[in-house]
2 protein chains.
Amino acid sequence: MPEDDPLAHYPGYLLRRASASALGVLGRRLGALGLRYVEASLLMVIGARPGLTQSEIGRMLEIQRANMVPIVARLEARGLLSRARTDGRSQGLHLSAAGEDLRQAALGEIERFETELTARLPEGLRGGAVDMLAALWAAAAGMD
Amino acid sequence: MPEDDPLAHYPGYLLRRASASALGVLGRRLGALGLRYVEASLLMVIGARPGLTQSEIGRMLEIQRANMVPIVARLEARGLLSRARTDGRSQGLHLSAAGEDLRQAALGEIERFETELTARLPEGLRGGAVDMLAALWAAAAGMD
DNA sequence: TATTGTTATACTCTATAACTATA
DNA sequence: TATAGTTATAGAGTATAACAATA
């Protein structure tokens, strides 16, 4: 955006600024539902694939086991999810009715956000954003 | 990337994952130079536009005044930059010789990173990444 | 009154090491 | 030996409120 910003031609920088800007907006909207971004992500994943353990979800979202603990505990304390032992050490996560309601509300916000973001892109770029971002993710992940 | 990730079609999510992945790689490379990402950004900006104050740089990079203080102090303590009063309350920032050397080393890493990231994109997407990211940034910033 | 630099503080996210109990 | 969940802790990044000096 600002043409006097000497970093504006670097994709890493642009990725960071675009991400911070987008997540800021979405985070504030989810905050109105009482959810942080990461909490909404968990509701989405558990809703789509009930029974996953928190370790499995952590691997999927690249959140470490230790850092999953307070996130899941917070959602459980609010009665949004329940744990079902599948194993002496594993517990599958499932949404409660309240969790499912909140998941749908969050999904509505996320889809409204996606629609609005896409609508604000120049016409020629609208169709390709998701593919480009997926490709950038794959490219960066491959550099590890 | 993972087709069993139910969030993989949302640009906000992809932006976050791509950004985290890319910045992780670049951050580790800059770390080998003894720099954090935000410190390297400051070296770039001051190198390109010497004399800017830390408040001005903060506005450019969306870092708040209060949070600029320890960043600038750290770079100054390492002898990478100096402050020149321009005003009773303002101080323009300039790179020292060591700061300029480190800036060039960091720039080399950043450009190597950019080249490698771009090379890892599918051919058809290589040319459009920067424009797409700039458009996404502008779109998200406009939603504030 | 507004701005610069600053201090203090708190919250979120992320990272590591270690423990326990199960497999 | 490896894994799931957990605890504790430290490092970053980010946010707000307030103050002194200056414009």
Side-chain angles (χ1 to χ4, degrees), chain A residues 12-13 15-28 30-31 34-42 46 51-77 81-94 144, chain B residues 12-13 15-17 19-31 34-42 46 51-77 81-94 144:
Chain A
Y13 176 75
L15 217 31
R16 180 177 148 90
R17 295 301 300 272
S19 171
S21 193
L23 274 290
V25 173
L26 182 54
R28 259 170 269 129
L30 292 171
L35 286 173
R36 303 178 192 170
Y37 182 86
V38 67
E39 292 170 337
S41 303
L42 273 204
I46 301 170
L52 287 181
T53 68
Q54 66 189 54
S55 285
E56 289 167 335
I57 296 171
R59 278 191 290 271
M60 181 181 297
L61 302 183
E62 262 177 313
I63 300 170
Q64 307 195 39
R65 267 197 337 283
N67 295 329
M68 287 292 293
V69 174
I71 303 172
V72 171
R74 231 181 297 128
L75 294 174
E76 189 189 26
L81 62 79
S82 61
R83 316 183 192 226
R85 289 228 98 83
T86 56
D87 200 68
R89 61 188 176 184
S90 304
Q91 37 198 338
L93 301 182
H94 301 265
D144 240 328
Chain B
Y13 176 75
L15 216 31
R16 180 179 148 89
R17 295 300 301 270
S19 171
S21 194
L23 273 291
V25 173
L26 182 54
R28 257 169 272 129
R29 293 186 181 182
L30 292 171
L35 286 173
R36 303 179 192 171
Y37 183 85
V38 67
E39 293 171 335
S41 302
L42 274 204
I46 300 169
L52 287 180
T53 67
Q54 67 188 54
S55 286
E56 288 167 333
I57 296 171
R59 278 190 291 272
M60 181 182 296
L61 302 182
E62 262 177 314
I63 300 170
Q64 307 196 39
R65 267 198 334 286
N67 295 330
M68 288 292 293
V69 174
I71 303 171
V72 171
R74 230 179 300 128
L75 294 173
E76 189 189 26
L81 62 79
S82 60
R83 316 182 191 228
R85 289 228 98 84
T86 56
D87 200 69
R89 61 186 177 186
S90 304
Q91 36 197 338
L93 301 182
H94 301 265
D144 240 325

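When heavy atoms are screened at a 4.0 angstrom cut-off, A:R74 is found touching no nucleic acid atom at all. Residue B:R16 is classed as a sugar-phosphate contact, given heavy-atom separations below 4.0 Å to backbone atoms only. Using a 4.0 Å heavy-atom criterion, one finds that B:R59 contacts the sugar-phosphate atoms exclusively.
If you take CG of A:N67 and C1' of C:dA17, they are 13 Å apart, rounded to a whole angstrom. Between A:I71 atom CD1 and C:dC13 atom C1' the separation is 9 Å, expressed in whole Å. Taking atom CD on B:E56 and atom C1' on C:dA2, their separation rounds to 15 Å, with Å as the unit. Rounded to a whole Å, the CD1 atom of A:I63 is 13 Å from the C1' atom of C:dA15. Distance A:R65 CZ to C:dT20 P: 15 Å, rounded to the nearest Å. Rounded to whole Å, atom C1' of C:dG5 lies 16 Å from atom CG of B:L52. Taking atom CZ of residue B:R85 and atom C1' of nucleotide C:dT3, one finds them 13 Å apart after rounding to whole Å. A straight line from CE of B:M68 to C1' of C:dG5 spans 11 Å, rounded to a whole angstrom.
Nearest-nucleotide mapping onto DNA chain C: of A:V38 and A:D87, the residue sitting toward the 5' end is A:V38. Of the two residues contacting DNA chain D, namely B:E62 and A:Q91, the nearest-nucleotide position lying further toward the 5' end is that of A:Q91.
Side-chain to base pairing of B:R89 with C:dG5: no donor and acceptor N or O lie closer than 3.5 Å to each other.
Side chains of A:R59 and A:R65 form no contact here, defined as non-hydrogen atoms less than 4.5 Å apart. A 4.5 Å side-chain heavy-atom check between A:L93 and A:E76 finds every atom pair outside the cut-off.
Contact between B:G92 and B:T86 at its shortest, heavy atoms only, is N-CG2, 3.9 Å.
Summarising the geometry, atom OG belonging to A:S90 is positioned 7.5 Å from atom CD belonging to A:E56; distances are rounded to the nearest 0.5 Å.
Once you apply a 4.0 Å limit to the heavy atoms of chain B, the touched nucleotides of DNA chain D run 5' to 3' over D:dA12 to D:dA23.
Closest to the A:Q64 side chain, of the nucleotides C:dA8, C:dT16, C:dC13, is C:dT16.
A donor-acceptor pair is defined here as one N or O able to donate and one able to accept, closer than 3.5 Å; such a pair exists between the side chain of B:S41 and the backbone of B:Y37. Using a distance-only test at 3.5 Å, with no hydrogens or angles considered, no donor-acceptor pair links the side chain of A:R36 to the main chain of A:V38.
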Stepwise side chain to side chain contact (heavy atoms under 4.5 Å, CB included) test for B:Y13 and A:L26: CA-CA 10 Å; B:Y13 176 75; A:L26 182 54; over 6 Å; no
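A close approach under 4.0 Å does occur between a side-chain nitrogen or oxygen of B:S55 and OP1 or OP2 of C:dG5.
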